[in-house]
Amino acid sequence: METIGDVLITEGQIADAVSRMGKQISADYDGKELLLVGILKGAFLTMADLARAINVPVEFDFMAVSSYGDATKSSGVVRILKDLDQEISNRHVVIVEDIVDTGLTLNYLLENLRVRQPASLEIAALLVKEGIQQIPIDVKYRGFDIPPDFVVGYGLDYAGLYRNLPYVTVLGEDDIG
Ligand code: IMP
Ligand code: MG
């Protein structure tokens, strides 16, 4: 199959990273129950694959957020489109994100969820853009540190498209059109 853009992370590399993250999480939460909170829509593939790489009991919940701004930049003003279905007090919670860019979305989510007094709260993110977080975010479980280019695939979109690509790729001018 022809690939789109310049492939940054292959399907196999993603599978290896997700498996490693799952092992770390399984070891850290041994003997505990975990609530995975996927951030829609981007994290749906990471959530699905990561959950299957974890061997402690997990429950799922999802939040949908949108950050105001143009197509490729986050404004830091976050709107909750869908909140959690469940209470998280005294639960061990891991937020599952596709990518940490400015860090503004996760910073907002951490503050918002901390108030609900979970037993613990950590972050798993497939991708972390290097050196451009406006707020330092402690991403305990991370797949890859990547350069600060705009990427798509494996859940990540440009204008709603490309989420279904099984790899992570950097779009060229031609691909965006
Ligand atoms: P942040 O608030 O700047 O950290 O970015 C949060 C959200 O912006 C991510 O969860 C993504 O949905 C989106 N985003 C950031 N960088 C990219 C990218 O390179 N490609 C696609 N979406 C991105
Ligand atoms: Mg997102």
Side-chain angles (χ1 to χ4, degrees), residues 3-11 13-15 17-18 21 25 35-51 60-84 88 93-115 118 121-177:
T3 56
I4 293 169
D6 291 325
V7 175
L8 185 66
I9 307 171
T10 66
E11 195 172 353
Q13 289 171 321
I14 294 171
V18 168
M21 291 163 74
I25 292 172
L35 178 66
L36 293 179
V37 171
I39 309 304
L40 297 172
K41 304 175 186 139
F44 79 106
L45 286 179
T46 303
M47 180 87 160
D49 288 340
L50 182 61
F60 286 57
D61 208 337
F62 294 93
M63 285 179 88
V65 298
S66 101
S67 100
Y68 288 106
D70 63 33
T72 58
K73 281 208 184 65
S74 173
S75 66
V77 181
V78 177
R79 199 159 48 115
I80 295 185
L81 305 177
K82 183 216 167 293
D83 204 341
L84 296 175
I88 59 167
V93 176
V94 173
I95 300 174
V96 180
E97 250 295 31
D98 48 3
I99 190 164
V100 186
D101 183 2
T102 61
L104 295 169
T105 303
L106 271 174
N107 183 61
Y108 173 86
L109 285 172
L110 284 174
E111 283 179 7
N112 186 289
L113 295 185
R114 255 188 218 122
V115 177
L121 182 61
E122 298 291 351
I123 297 166
L126 182 73
L127 308 172
V128 180
K129 289 192 189 174
E130 283 171 330
I132 61 162
Q133 275 82 63
Q134 295 181 16
I135 298 170
I137 300 281
D138 183 17
V139 182
K140 187 160 186 186
Y141 308 103
R142 54 167 80 199
F144 302 91
D145 293 319
I146 63 166
D149 298 319
F150 192 82
V151 292
V152 298
Y154 197 73
L156 292 149
D157 74 307
Y158 173 74
L161 290 173
Y162 307 111
R163 294 191 196 277
N164 61 316
L165 299 179
Y167 47 85
V168 172
T169 187
V170 182
L171 288 184
E173 306 269 313
D174 306 350
D175 307 299
I176 293 175

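For the numbers below, each heavy atom of this structure counts, side chains included, while hydrogens, waters and symmetry mates do not. Counting starts at 1 for both ligands and their atoms, in listed order.
Considering only non-hydrogen atoms, atom 14 (N) of ligand 1 lies nearest to Ile99 out of Leu106, Leu40, Val128, Ile99. Between the choices Thr102, Val78, Asp101, the shortest heavy-atom distance to atom 15 (C) of ligand 1 belongs to Asp101. With distances taken over non-hydrogen atoms, the option nearest atom 2 (O) of ligand 1 out of Asn107, Thr105, Val170, Asp149 is Thr105.
Under a 4.0 angstrom heavy-atom cut-off, Val65 registers as lying outside contact with ligand 1. Under the 4.0 angstrom criterion for non-hydrogen atoms, Ile39 is not in contact with ligand 1. Heavy-atom distances between Lys129 and ligand 1 reach below 4.0 Å in at least one pair. Taking a 4.0 Å cut-off on heavy atoms, Val152 fails to register as neighbouring ligand 1. Within the 4.0 Å heavy-atom shell around ligand 1 one does not find Gly42.
Each of Thr3, Val152, Leu156, Ile9 was evaluated against Thr169; a single residue qualifies, Val152, per the side chain to side chain contact (heavy atoms under 4.5 Å, CB included) test. Among Ile123, Leu36, Leu35, the single residue meeting the side chain to side chain contact (heavy atoms under 4.5 Å, CB included) criterion with Val94 is Leu36.
Taking a 6.0 Å sphere around CG of Asp6, one finds it holds 12 or fewer heavy atoms contributed by other residues, nucleotides or ligands.
Heavy atoms only, all atoms of each residue included: Met63 and Leu113 are closest at SD-CD2, 4.1 Å. Residue Ile4 comes nearest to Tyr167 through the heavy atom pair N-OH, 2.9 Å, listed as atom of the first residue, atom of the second, then distance.
Lys41 places none of its side-chain heavy atoms less than 4.5 Å from the side chain of Asp98.
Inclusion of Leu156 in the set of residues having an N or O under 3.5 Å from an N or O of ligand 1 is not warranted. By the 3.5 Å distance cut-off applied to N or O atoms, Phe150 is not counted among the residues near ligand 1.
Listed by atom number, the atoms of ligand 1 under 4.0 Å from Asp157 heavy atoms are 21 (C). Numbered from 1 in the order shown, with element, the atoms of ligand 1 that lie under 4.0 Å from a heavy atom of Glu97 read 10 (O).
Here CD1 of Ile146 is found 6.0 Å from NZ of Lys129. Values are rounded to the nearest 0.5 Å.
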Inset, instruction - Could you check Leu50 against Ile25 for side-chain contact (heavy atoms from CB on, under 4.5 Å), going step by step and ending with a plain yes or no? - result: CA-CA 9 Å; Leu50 182 61; Ile25 292 172; 4.0 Å; yes

